[in-house]
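One structure below.
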2 protein chains.
Amino acid sequence: MYRIGELAQLCEVKADTLRFYEKHGLLSPSSRTDSGYRIYTEADAERLRFILRAKAVGFTLAEITELLSIELDKSNWACADVKGMVDDKLASVEAKIAELNHFQLSLQRLSQACCGGPESAEHCSILEALESNTDSIRCENDKHGFAEHEFTKACTDKQDPI
Amino acid sequence: MYRIGELAQLCEVKADTLRFYEKHGLLSPSSRTDSGYRIYTEADAERLRFILRAKAVGFTLAEITELLSIELDKSNWACADVKGMVDDKLASVEAKIAELNHFQLSLQRLSQACCGGPESAEHCSILEALESNTDSIRCENDKHGFAEHEFTKACTDKQDPI
DNA sequence: ATAAACCTTGGAGTTGTATCCAAGGTCAAG
DNA sequence: CTTGACCTTGGATACAACTCCAAGGTTTAT
C-alpha cells in the first residue's frame with residue numbers, strides 16, 4: 001500500500017504524473033483513505049510499471065491505454081492484435097528515424113561547408129544555402145577576404161565528401 | 001505580388017500557415033490592399049522559401065526566427081554563430097535519433113518474440129515482456145498449446161539474435 | 001446583379017505529456 | 001498545539017506547429 005508520493009518516488013515519476021494518469025484513465029488507485037488520500041496497492045504499482053515499460057519502448061499514452069485493455073482481457077485478443085500494435089509502432093518509429101536521418105545529413109553538410117570562425121557571416125555558406133534552393137553547398141573558402149593561410153584550413157580540412 | 005492564396009499555392013503551404021507565420025513574426029506581407037488583403041512581394045516569397053528550407057533541415061520556428069534575424073543583419077554576426085546553431089541542432093537531432101533507435105531495437109525484439117498468429121494473447125510474449133522487468137524476452141514457442149507443427153514456425157524462424 | 005471564390009478577424013481546437021498553482025485539508029513529531 | 005510535510009481539487013500553463021471555424025467583407029466572372 002502506497003500513498004501517491006510513495007508510489008511516485010518508488011517508480012521515479014512525479015505525483016502529478018500519477019494524478020494525470022488517473023485523469024486519463026490509465027491508472028486509478030484501488031482505494032482511498034477516509035480523508036480522501038489515494039491508496040495504491042502492489043497491483044497498482046505493477047500496472048504503473050507496465051505503463052512505464054510501454055512508454056520506454058515508445059508507445060504513447062493512448063496506445064498504452066489500448067495495451068492495458070488488452071492486458072486485462074487477454075483471452076479475447078489474439079497475438080496478431082498485439083504484434084500488430086508493435087509493428088505499427090515500429091513502422092512509425094522507423095519513419096521518424098528516416099526523417100531525422102535526413103535532417104542529420106543536411107545539417108552535417110551545412111556544418112561542413114562553414115568555417116565556423118569569427119569572420120562576418122556575410123559570406124556564410126550556411127546562410128547562402130538557406131537563401132537558394134541549390135542542393136549543393138559551396139564551401140566558403142576564400143570568400144571571407146582574409147589572408148588565405150589564416151582561415152581556409154577548417155574548410156579544406158572538411159572537404160571530404162560524406 | 002501575390003495574394004495570400006497565391007503565395008500559399010506557390011510554396012505549397014496553407015494560407016492559414018502564412019497567417020500563423022505572420023502572427024509569430026516570421027513573415028509579414030510587405031503591404032495590404034485598400035480593402036485589407038495581404039500583398040506579398042517576391043522578397044516576401046524568398047523569405048518564405050528561406051523559412052521552408054530551414055524547416056526542411058529540422059529547425060523549429062523559434063530557431064528560424066533567430067536565423068532570420070541573423071540573415072537580416074549578417075555583418076553583425078560571425079560564422080561561428082551560425083555554425084553553432086547548426087551544430088546544436090545536429091546534436092539534438094542525433095540525440096533524438098539515438099532515442100528512437102532504442103525504441104526501434106526494443107520493438108524489433110518484441111515483434112520477433114511474438115508469433116503474431118490468431119492464438120489467444122494469454123501467452124503473448126509481448127505482453128509478458130511488458131509485465132515483467134526482464135530485459136530478455138522469451139519466445140512464445142509452445143506456449144499456445146496448439147499442435148507444434150502448426151504454430152511454431154514463425155517464432156523459430158526469427159530466433160536469430162539481433 | 002448575383003454567385004462563386006476569395007479574403008478578413010479573433011479565437012478555439014488538436015496532439016502529447018505533463019507541470020504548476022492556489023486554497024485548503026490531514027497527519028506525525030516534538 | 002503548532003509546525004512542516006504531505007495530501008486534496010480544479011484549472012491554468014507550457015511546448016510546437018498548425019488547423020479550423022464563424023461571421024462577415026471583396027473580387028471576379030457570367
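Each chain gets a letter, A, B and so on, in the order the sequences are listed, and its residues count up from 1. The basis for the numbers below is simple: all heavy atoms, side chains too, and nothing from hydrogens, waters or symmetry mates.
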B:D88: which residues meet the side chain to side chain contact (heavy atoms under 4.5 Å, CB included) condition with it, sequence neighbours left out? none
Rounded distance (Å) that lies between atom P of C:dT17 and atom CG of A:L26: 10 Å
Reading DNA chain D in the 5' to 3' direction, which nucleotide is the first one with an atom under 4.0 Å from a heavy atom of chain A, and which is the last? D:dC6 to D:dT9
Got a sec, which hydrophobics cluster with B:I39, joining ILVMFWY side chains under 4.5 Å apart, including via others? B:M1
In whole angstroms, the gap separating C1' of C:dT19 from CD of A:E22 amounts to 17 Å
Sidechain N-carboxylate O distance under 4.0 Å for A:D16, A:R19: yes
Run the side chain to side chain contact (heavy atoms under 4.5 Å, CB included) check on B:T60 and B:T65 step by step: do they pass? CA-CA 9 Å; B:T60 64; B:T65 299; over 6 Å; no
The complete set of salt bridge (charged side-chain N to carboxylate O under 4.0 Å, His left out) pairs with one or both residues in residues 96-108 of chain B, sequence neighbours excluded, reads B:K96-B:E99
Mind listing the residues from residues 32-48 of chain B sitting with a heavy atom below 4.0 Å of DNA chain D? Number order is fine. B:S35, B:Y37
With sequence neighbours left out, write down each residue that passes side chain to side chain contact (heavy atoms under 4.5 Å, CB included) with B:Y37, or none if nothing qualifies. B:R3, B:T33, B:S35
Between residues 57-68 of chain B and DNA chain D, which residues have a heavy-atom gap below 4.0 Å? B:T60, B:L61
A:N76: which residues meet the side chain to side chain donor-acceptor pair (under 3.5 Å) condition with it, sequence neighbours left out? A:D73
Closest non-hydrogen atoms of B:I64 and B:A54, given as atom of the first, atom of the second and distance, are CG1-CB, 3.6 Å
Straight-line distance of B:L105 CG to A:L90 CG, nearest 0.5 Å: 10.0 Å
Would you mind reading off the distance between A:L27 atom CG and C:dA18 atom C1', rounded to a whole angstrom? 15 Å
Without decimals, in angstroms, what is the distance between A:R19 CZ and C:dC21 C1'? 12 Å
For B:E131, check side chain to side chain contact (heavy atoms under 4.5 Å, CB included) against everything at least two apart and list the hits. A:F50, A:E71, A:K74, B:L127, B:E128
Quick one: salt bridge (charged side-chain N to carboxylate O under 4.0 Å, His left out) partners of A:R49, sequence neighbours excluded? A:E42, A:E46
So, with a heavy-atom separation below 4.0 Å from DNA chain C, the residues of residues 3-14 of chain B are B:R3, B:I4, B:G5
Hey, could you give me the CD/SG distance between A:E119 and A:C114, rounded to the nearest 0.5 Å? 8.5 Å
Scan for ring pair (Phe, Tyr, Trp, His ring centres under 6.0 Å) pairs involving residues 1-28 of chain B, sequence neighbours excluded, and state none if there are none. B:F20-B:H24
Separation of C:dG16 P from A:K96 NZ (nearest whole Å): 12 Å
